[in-house]
Amino acid sequence: MGEAVRDVLVVGGGPAGLAAALRLKARDVPRVTIIEREDALGGMPRRALHSFFGFREFGRFLSGPSYAAKLAAWAQAAGVEIWSGQEVTALRPGGGVVVQTPKGTREVRARRVLLAMGARARRVEDWRADAAGRLGVLDSSALPPDAAALPCRCPVLVGGDRVSLSALATCRRQGMRPVAMVEANPRPAVSWPLTLYARLAGARLRLGTEIERIEGEGGVERVVLSNGQVLACDGVLVTGGLQPEVGLVRDSHLRLDHGAGGPAVDQYGRCSDTAFFAMGNVLGAAEGAGWNFQAGQTTGDFIADDLIGGLPSLEGALAIEAGAAVRFVLPQSLAHVAPLRGRLYVRVAAPVKGLLRVRAGAIVLYRRRVEAVPERRVLIDLDGLKTPPDDALLTVEVVA
């Protein structure tokens, strides 16, 4: 098939990609196309049956499928071109992509490409290979929408983050009764009101432990935890542990940040090839639909500005590195504008309490006291930050 040309090509039709496409159309960018490998738009919310979505966007709470459907209808009404059931298989320098369609391979070139593939929940094969083939062991994306087709009724959930609680709420809506949530970390990655929901739902949190062994004849009958406890159940549902969908980036010419696990970007979302932008959970910072929708709107504005030459040059950009106790920082570089604006997104490597600093060599540009855990974001406002020296390397760290 021949080459198609677009103004902006959005790879991924979840909340982030849809929000960016909507903002681009609102900014009068004419040819905006979303490529989504699934048959329908909406991303992970399509599989979440609980009603925790959409208040920021629509002023009321919606179920995941309803939220996804409203976003998709909004994009279609705005004139966004949608290629569903098609998959991007390669990225080319300068804004080119290779798309696998039902009719064959297609080359597409765009003035700008936005990578918004999002993240995926931890899959069974990533968790424990010997459990992957056992009947009743599945990942949260495999939950069928029809309650009559459920493979189990009383599972143990592996994970204790936002995705795990979403899976718990979906289980409850389908009539399942999870018996426990098992989390290897000593504390959950969510705030206490959400952990209270888990207790009220009857799924007691088992923190600081993990599944040591799954037992049963052919199927799941019980699990043995590393602390010696035995839990009777008929299934194991592996949830949480969101990982960025970066296979495309890993096989491409774009720079990958190994700390965050996603493509390296500047404060505007520009990748190492400036024809490409990236935003949302593909960057490695797992956040909810509302957060990503807002990020999509912001990045859509940046791309619209860039198309008319409104973004500053990357010449003399400031590199940012993760220092002591910090797992990763987003973005990984800053276009050197004065004064600096925006914010840095930080995740720590382990629970830590100390002084959060941004420094350029021996010069401390920012400091404040923090108490942080790995699963929760720490934000640093760049507004008012001291202007660093030209071509400086900025280090973000937490020191005692």
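Taking CG of L9 as the reference point, atom CZ of R109 lies at 11.0 Å (rounded to 0.5 Å). With rounding to the nearest 0.5 Å, the separation of CZ in R112 from CG in D306 is 4.0 Å. In this structure, CD1 on I82 lies 7.0 Å from CG on L18, to the nearest 0.5 angstrom. Atom-to-atom distance recorded for I35:CD1 and E81:CD is 9.0 Å, nearest 0.5 angstrom.
A search for salt bridge (charged side-chain N to carboxylate O under 4.0 Å, His left out) contacts involving R255 returns nothing, not counting sequence neighbours. Residues satisfying the ring pair (Phe, Tyr, Trp, His ring centres under 6.0 Å) test with Y268, not counting sequence neighbours, are F302. For P45, the side chain to side chain contact (heavy atoms under 4.5 Å, CB included) partners are P15, F53, Y67, A289, not counting sequence neighbours. T274 meets the side-chain hydrogen bond (donor to acceptor under 3.5 Å, both in side chains) test with no other residue; sequence neighbours excluded. Annotation: ring pair (Phe, Tyr, Trp, His ring centres under 6.0 Å) contacts of F277 (sequence neighbours excluded): none. Listed by chain and residue number, R27 satisfy the side-chain hydrogen bond (donor to acceptor under 3.5 Å, both in side chains) test with D305 (two or more places apart in sequence, or in another chain). Remark: S333 engages D266 in a side chain to side chain contact (heavy atoms under 4.5 Å, CB included) (not counting sequence neighbours). With sequence neighbours excluded, the residues forming a side-chain hydrogen bond (donor to acceptor under 3.5 Å, both in side chains) with E183 are N185, listed by chain and number. With sequence neighbours left out, the side-chain hydrogen bond (donor to acceptor under 3.5 Å, both in side chains) criterion links R31 to D7.
In this structure, W291 and N281 have side chains that are not in contact, with every pair of non-hydrogen atoms separated by 4.5 Å or more. Using a 4.5 Å heavy-atom threshold, the side chains of R56 and F293 count as separate. Inter-residue side-chain proximity for L62 and E57 is flagged as unmet; no heavy-atom pair is nearer than 4.5 Å. A 4.5 Å side-chain heavy-atom check between R368 and V378 finds at least one atom pair inside the cut-off. Y366 has its side chain out of reach of L344: every pair of non-hydrogen atoms, C-beta onward, lies at least 4.5 Å apart.
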Next on the checklist: Walk me through whether L237 and C171 qualify under side-chain contact (heavy atoms from CB on, under 4.5 Å).
Outcome noted: CA-CA 10 Å; L237 183 61; C171 288; 3.7 Å; yes
Next on the checklist: Go through it in stages, so that I can follow the logic: the residues are I303 and R23, the test is side-chain contact (heavy atoms from CB on, under 4.5 Å), and I'd like the CA-CA distance, side-chain angles, deciding distance and then a yes or no.
Outcome noted: CA-CA 10 Å; I303 295 174; R23 182 54 62 91; over 6 Å; no
Next on the checklist: Under the criterion side-chain contact (heavy atoms from CB on, under 4.5 Å), I'd like the reasoning laid out for Q100 against T105: C-alpha separation, chi angles, the key distance, then a yes or no.
Outcome noted: CA-CA 5 Å; Q100 185 64 44; T105 300; 3.1 Å; yes
Item to check | Derivation of the side-chain contact (heavy atoms from CB on, under 4.5 Å) call for T170 and R47 | outcome: CA-CA 8 Å; T170 297; R47 298 183 176 87; over 6 Å; no
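Closest non-hydrogen pair, T395 versus G323, comes out as CG2-CA, 3.8 Å. Looking at every heavy atom in both residues, P263 comes nearest to L256 through N-CD1, 3.9 Å. Annotation for A325 and V398: closest pair CB-O, 3.9 Å, computed over non-hydrogen atoms. Here the shortest heavy-atom pairing between I320 and P331 reads CD1-O, 3.5 Å. Here the shortest heavy-atom pairing between G85 and D39 reads CA-OD1, 3.8 Å. Residues A335 and R270 share a closest heavy-atom pair of CB-NH2, 3.9 Å.
With E107 contributing its side chain and G96 its backbone, the two residues share no donor-acceptor pair below 3.5 Å. Of the possible polar contacts, none joining the E87 side chain to the T89 backbone as a donor-acceptor pair under 3.5 Å is found. Side-chain atoms of D273 do not come within 3.5 Å of backbone N or O of L254 as any donor-acceptor pair. Using modelled atom types, one side-chain atom of T239 and one backbone atom of V158 make a donor-acceptor pair closer than 3.5 Å. Side-chain atoms of E245 never come within 3.5 Å of backbone atoms of A119 as a donor-acceptor pair (strictly under, hydrogens ignored). Counting only distance, with no hydrogens or angles, the side chain of R111 and the backbone of L307 share a donor-acceptor pair below 3.5 Å. Between the D234 side chain and the R153 main chain, a donor and an acceptor come within less than 3.5 Å of each other.
A 6.0 Å sphere centred on CZ of R341 holds no more than 12 heavy atoms belonging to other residues, nucleotides or ligands. The 12-atom threshold is exceeded at CG of D383, counting heavy atoms of other residues, nucleotides or ligands nearer than 6.0 Å. Annotation for R376: atom CZ counts as buried by contact number, over 12 foreign heavy atoms lying within 6.0 Å.
Side chains of E212 and S226: a donor-acceptor N/O pair is absent below 3.5 angstrom, by distance only. With no hydrogens or angles considered, no side-chain donor-acceptor pair links R106 and T101 at under 3.5 Å.
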Under 3.5 Å, sequence neighbours excluded: what are the donor-acceptor pairs made by side chains of residues 345-365?
residue : atom : partner : partner atom : Å
Y345    : OH   : E287    : OE2          : 2.5
Y345    : OH   : R347    : NE           : 3.2
Y345    : OH   : R347    : NH2          : 2.9
R347    : NH2  : A286    : O            : 3.3
R357    : NE   : E397    : OE2          : 3.0
R357    : NH2  : E397    : OE2          : 2.5
R359    : NE   : E397    : OE1          : 3.4
R359    : NE   : E397    : OE2          : 2.8
R359    : NH1  : G361    : O            : 2.9
R359    : NH2  : E397    : OE1          : 3.4

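L248 and V98 fall into different hydrophobic clusters, where Ile, Leu, Val, Met, Phe, Trp and Tyr side chains are chained together by heavy-atom contacts under 4.5 Å.
Hydrophobic clustering, defined by side-chain heavy atoms of Ile, Leu, Val, Met, Phe, Trp and Tyr closer than 4.5 Å, groups F61 together with F55. Apart from L314 itself, the hydrophobic cluster it occupies contains nothing, where clustering links Ile, Leu, Val, Met, Phe, Trp and Tyr at side-chain heavy-atom distances under 4.5 Å.
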